[in-house]
Each structure stands twice: as C-alpha cells, then as structure tokens.
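Each chain gets a letter, A, B and so on, in the order its sequence line appears, and its residues count up from 1.
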Amino acid sequence: MSGSFTARCEVAVVGYAHSVIQRNAPRTLGAIALETALSAIADAGLTREQIDGFTTGSLLPSAGGHASVDGVSIVTSNWLAEKLGLNPRFAAGFQGFGQLAGGVMLAVNAVATGAADYVVFHRALHNPRGVRYHVNPMTEARGSSQWTAPQGYFGPLAMIGLPYNEYLQRYGASREAMAEVLVEARANGARIPWSYWHNQPITAQDYLDARVIVDPICMLDCDIPVDGVAAFVLTRADRARDLPNKPVYVAGYAQGSVRRPRLPVHWPLDDIMEAGFDVARRLEDSSGLSLQNVDLPQLYDGFSPFIYFWLESLGFCKVGEAHEFVQDGGIRTEGGLPVLSGGGALGNGRMHGVPQMLECYLQLSGRAGERQISSATLGLACHSSPHYGGAVLYSSEPL
Amino acid sequence: MSDLVRQPIPVPDEQSAAFWSAAADHVLALARCTHCGTRVHPAGVVCAQCLHPEPSFEFTPVDGRGTVRSWVVIRDSFLPGFRDEVPFVLVDVELDVQSDLRMIGRLLDGPDAALSQGDRVVTVFEDIAPGVAVPGFALEART
Ligand SMILES: [Zn+2]
C-alpha cells in the first residue's frame with residue numbers, strides 16, 4: 001500500500017497575518033479574526049473576493065464547562081466567511097485535536113482537488129473571562145467523566161502528568177533537563193514582537209522555582225491561555241508564483257490516532273509513542289523524504305513533555321534519551337536543532353500549533369527578519385500529542 | 001445555597017449502571033464482551049476486539065489487583081470538590097485481569113507513600129455518598 005502524497009508541493013502557503021497575543025483582548029475574538037484574515041489576504045497580494053475557501057479547527061477552549069459561542073469564544077470557517085461577506089465554494093472545519101495540522105490538511109486537499117483556488121486557513125484562540133481556565137464546578141459526573149472525575153482525575157494537567165511521570169521514572173530524567181526546554185522556548189518567544197512573552201525570557205532557576213500544580217507538572221510546563229488569531233493563505237503552486245511572497249510548499253502531512261479504548265483523557269506513554277512512530281513513517285511515506293533531512297523541526301510544546309515525545313518518536317534522538325539530548329544543548333537554536341526557534345506555545349502563549357506553522361512559513365519564505373536561519377530548507381510543524389495530532393512538512397523549494 | 005462544593009457523584013447510565021451498583025457493594029465488576037470475552041473499561045457501545053454487530057456486555061467481578069505504571073500528586077485540583085483533599089495521589093494501574101487494561105484511581109495510602117513503577121496495588125472503595133462508592137487503590141502489604 002503506497003502512502004505517497006500525490007499533491008506533493010502542488011499547494012503553497014503564500015501569505016499570513018498574526019494578531020498580537022493578549023491575555024484578555026479588549027475586542028471580541030471574531031473582530032480580531034476578521035481583521036487578521038483581511039490582513040493575511042492583503043499580505044498574499046489578493047483581494048477579499050478572490051478567496052473561495054475557508055478552513056479551521058475550532059475545538060477548544062472548554063474552560064469552566066462554558067458554552068462555545070461562535071464569533072466570541074470560537075471562530076468557525078463558516079462564521080468567518082459569512083462576516084467577510086463571502087459565499088465560498090468550500091468551507092470546512094477539522095473536528096478533533098491537532099487543529100493546526102488538521103485545518104491545513106483540509107485546506108491543502110481543497111486546493112489540490114480544485115474545490116477552492118484560494119483558501120484562508122485560520123486559528124482563533126480564546127481565554128474565557130471570569131473563570132480559571134480548567135476549573136469545572138461539576139457536582140455530578142455524567143457520560144465519559146463518570147469514569148474519572150469522581151476519583152479526582154480531571155483536566156489536562158493530570159492527563160499529561162501521568163505519561164510525563166511514566167517517562168521520568170522509566171528513563172531517570174530530571175527536572176533540570178526540562179528547564180532547558182523552557183529557557184529555550186522563552187528565549188525565542190522573547191524575540192517575537194506579537195508574543196505574550198515578548199522581552200520576557202526566563203532562567204533555569206525560574207523554572208525550578210515554579211509552583212508545582214499536578215506533580216510532576218509545574219506552572220511553567222503549561223502554555224498560558226490567551227486571546228489571539230493567526231491566518232494563512234494557501235493556493236496552487238502555479239498560481240503562487242505570480243504572487244508577491246516566496247511560496248512555501250506543502251511536501252506532505254500525517255496524523256496519528258488512538259488505537260485502543262482508554263479512560264477519558266488517559267494517555268499512557270506507550271500509546272503516545274506508538275502513534276508518534278506512525279506519524280514519522282507516514283510523513284516519510286507521503287513525502288518521499290527522510291525526516292533526517294528536516295532542518296527546521298518545530299515540535300509541539302503546549303505541555304513541555306511533548307518536546308521529548310516528539311523528539312524521540314520522530315527519530316531526532318533515541319527513545320529514552322530526549323532528556324539527555326536536550327540537556328546537552330541539542331535543541332538550542334544556536335548549534336542544535338531549532339526545535340523551538342519560533343518560541344512554540346510555551347514562548348508565545350496558548351496558540352496551539354500556530355507558532356510551529358508560522359515559524360516554518362517565516363523561515364522558509366525568508367521572512368523571519370533578524371531571526372532568519374539562512375540554511376533552513378525543510379520544516380516540520382507538529383501539533384498536539386502524536387496520538388491526537390499530526391504534522392505538516394514544508395519545503396522552501398518545490399521538490 | 002451553601003458554598004460547600006462536593007466531589008462529583010457518578011451518574012450511572014445504560015452502559016455503566018451495573019458497574020456502579022457493584023461498586024456500591026465494594027465489588028469491582030468490569031464489562032466483558034459476551035461474544036469474545038474481552039474486558040473493556042470503560043464499557044463501550046461496541047467491542048473493538050471482535051466488532052460483533054450485536055454488542056453485548058456482562059459485568060462480572062474481577063480481581064482488583066494490579067501494577068502501578070505511573071502516578072501524579074494532585075496539589076491543586078481543578079474540581080472544587082477536591083480542594084480540601086489535596087494533596088492526593090492518583091495512580092495509573094494495569095490490572096492483572098487482562099494485559100494493558102488500565103484504571104486510574106486515588107491511592108489511599110496518603111500523599112507521602114513511596115511509589116515506584118511496578119508497585120503492586122489492590123482495589124479498594126471509598127464511600128462518597130449514601131449508596132455511592134468509588135474505586136481507588138491501596139498498596140499491597142509488602143512482606
Ligand atoms: Zn468482543
């Protein structure tokens with residue numbers, strides 16, 4: 001069975017826009033999304049009327065059990081198209097986690113098949129007001145939560161804490177090693193003007209002193225909830241060559257999935273890794289490229305342990321050795337693999353996989369300014385856990 | 001209304017009623033596919049093992065012993081009903097009854113219990129309301 005991606009490098013990213021990232025924006029998310037989408041369209045050298053496709057993945061936040069309101073706490077493709085006064089041929093939303101890779105896949109498929117010529121892919125993220133992000137005052141546990149909430153097992157910190165501790169215990173990793181991840185993410189985020197953490201790098205000691213919430217997960221292992229929007233424009237490679245920016249080509253993509261029934265939000269380490277190996281193999285099959293040629297692997301870091309899981313499952317270091325790899329300077333932008341050169345979610349705020357995708361786009365189109373890594377040619381943008389997410393390969397040249 | 005928030009009470013449904021009624025009697029009864037015998041927790045609407053078109057499950061008692069695969073210490077709970085309970089330990093346990101069948105529960109030995117991967121635990125029950133008990137774990141006595 002061939003996993004070859006027949007549209008390899010036939011679809012390109014041709015423009016983008018990113019809002020400022022704020023803890024609580026003074027405008028509604030919809031207003032920010034509208035402005036950001038219009039900016040992205042202009043950046044791509046297009047007019048609003050030329051856009052005939054919209055994709056996103058709008059899932060989350062679910063903070064405080066609050067109800068999602070389109071245009072306020074989430075922004076769907078259809079909402080955005082309608083408010084832009086357009087009647088697109090194609091509008092779709094990715095249903096699951098891994099919203100970044102998922103939404104890009106929908107956009108790529110739409111362009112490659114001719115379902116749309118110019119697609120706006122956007123991601124809008126909201127930090128609900130007046131609630132602590134994950135707090136849920138439930139007194140009755142119904143449906144899937146009946147299996148975990150009565151035991152006090154609830155929320156994403158416990159979810160990631162279990163596989164992280166499984167990793168720490170199995171491989172004897174230390175908190176000092178993870179400090180390297182945080183220092184790197186925040187050092188790079190500090191250089192990004194729109195980042196929530198602009199000009200706010202941290203030290204290893206800051207990390208080690210951070211409050212532990214769900215041991216072994218501390219405050220700084222988690223990205224901070226924010227309001228922010230990013231939008232990208234994708235079109236066919238032949239059309240892209242007539243547009244003002246250097247196109248960045250989509251060379252392949254892959255998803256991972258959950259193979260066996262588990263309790264809700266129960267993520268055993270081996271489930272994550274097994275799916276990660278699938279993602280790695282699928283990326284190579286789809287693109288015909290070796291992941292060893294990726295010189296800009298932007299790994300997902302919404303919770304810091306994901307950096308270890310992605311590093312190992314994609315083969316950038318051996319299984320069980322990511323903590324040593326990181327501690328030996330392996331992910332430093334200077335001299336190592338630029339895994340977090342875009343700051344990631346830890347260095348920007350909870351923009352899900354936007355920083356990873358944006359860094360691939362900016363570096364490979366030569367638009368990263370003073371942060372430009374001149375040698376980068378092949379980027380990988382990962383999002384979520386390997387077993388709920390995916391990754392997209394980007395190339396600076398059509399292969 | 002009092003501002004006392006209690007810990008979440010499980011609300012049984014068609015798929016879970018037998019599990020919770022056994023738990024009330026401090027018996028761990030896990031779903032088992034009547035066609036192929038595979039245990040699944042939580043009980044689903046289909047059997048992912050045999051894909052039988054007419055799924056049917058029975059809840060039969062199992063040995064609640066198992067092995068600790070991981071754990072976390074909850075120091076700040078996102079469920080307000082657990083605020084007075086912190087810190088507490090949650091263990092991720094592989095039950096002996098079937099390979100890779102995992103269950104998560106509170107470790108009732110307290111937050112300072114020394115833990116290692118591979119530690120042996122037994123299922124124990126906490127009565128949290130009249131007629132409602134929730135399974136957790138306790139370290140098996142080490143000899
Ligand atoms: Zn079966």
Side-chain angles (χ1 to χ4, degrees), chain A residues 62-65 131-172 211-219 258-271 274, chain B residues 4-13 15-16 19-20 23 38 40-44 46-49 68-82 85-92 94 100-106 111 115-118 126 128-129 132-137:
Chain A
S62 56
V131 291
R132 268 187 70 205
Y133 197 82
H134 294 300
V135 168
N136 190 312
M138 72 166 84
T139 54
E140 291 185 332
R142 296 171 187 277
S144 65
S145 71
Q146 70 183 291
W147 303 109
T148 46
Q151 287 87 338
Y153 183 71
F154 182 80
L157 275 65
M159 174 190 81
I160 195 67
L162 284 179
Y164 183 39
N165 198 32
E166 210 170 353
Y167 184 96
L168 293 175
Q169 302 293 328
R170 191 182 292 179
Y171 302 119
R211 184 169 72 93
V212 174
I213 307 168
V214 173
D215 201 346
I217 297 291
C218 74
M219 200 81 166
V258 187
R259 288 201 201 167
R260 48 182 69 81
R262 293 293 183 200
L263 290 161
V265 297
H266 182 206
W267 291 12
L269 179 59
D270 291 333
D271 287 14
E274 189 178 59
Chain B
L4 184 75
V5 185
R6 58 170 200 223
Q7 79 189 71
I9 304 290
V11 181
D13 53 40
Q15 268 82 45
S16 69
F19 175 88
W20 290 116
T38 304
V40 60
H41 180 69
V46 295
C47 173
Q49 191 61 43
V68 172
R69 296 293 174 218
S70 189
W71 67 92
V72 288
V73 186
I74 308 290
R75 301 199 178 278
D76 184 359
S77 179
F78 294 105
L79 292 169
F82 279 96
E85 304 280 331
V86 297
F88 63 91
V89 177
L90 288 167
V91 282
D92 175 356
E94 180 170 356
D100 204 28
L101 187 65
R102 309 265 280 244
M103 199 162 84
I104 297 168
R106 296 225 283 167
L115 272 173
S116 303
Q117 281 177 325
E126 272 189 288
I128 63 166
V132 183
V134 173
F137 295 96

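Of the listed residues (Gly152(A), Gly161(A), Pro261(A)), the one with the most heavy-atom contacts under 4.5 Å to chain B is Gly152(A). Chain A forms the most heavy-atom pairs under 4.5 Å with one residue out of Ile104(B), Val40(B), Val132(B), and that residue is Ile104(B). With respect to chain A, the highest number of heavy-atom pairs below 4.5 Å among Ile128(B), Asp92(B), Ile74(B) belongs to Asp92(B). Of the residues considered (Ala158(A), Pro216(A), Pro268(A)), Pro268(A) shows the highest number of contacts with chain B, using heavy-atom pairs under 4.5 Å.
Here the CH2-CG distance, from Trp71(B) to Asn165(A), works out to 5.0 Å after rounding to the nearest 0.5 Å.
Inspection of the Ser16(B) and Gln146(A) side chains reveals an N or O donor paired with an N or O acceptor under 3.5 Å.
In Gln49(B), the CD atom is not crowded: 12 or fewer heavy atoms of neighbouring residues, nucleotides or ligands sit closer than 6.0 Å.
Of the possible donor and acceptor atoms, one in the side chain of Glu166(A) sits under 3.5 Å from a partner among the backbone N and O of Leu269(A).
Within the 4.5 angstrom heavy-atom criterion, atoms from both the backbone and the side chain of Arg170(A) approach chain B. In this structure, the portions of Pro135(B) lying under 4.5 Å from any heavy atom of chain A include both its backbone and its side chain.
For the pair Asp100(B) and Arg69(B), the salt-bridge criterion is not met [side-chain N within less than 4.0 Å of a carboxylate O].
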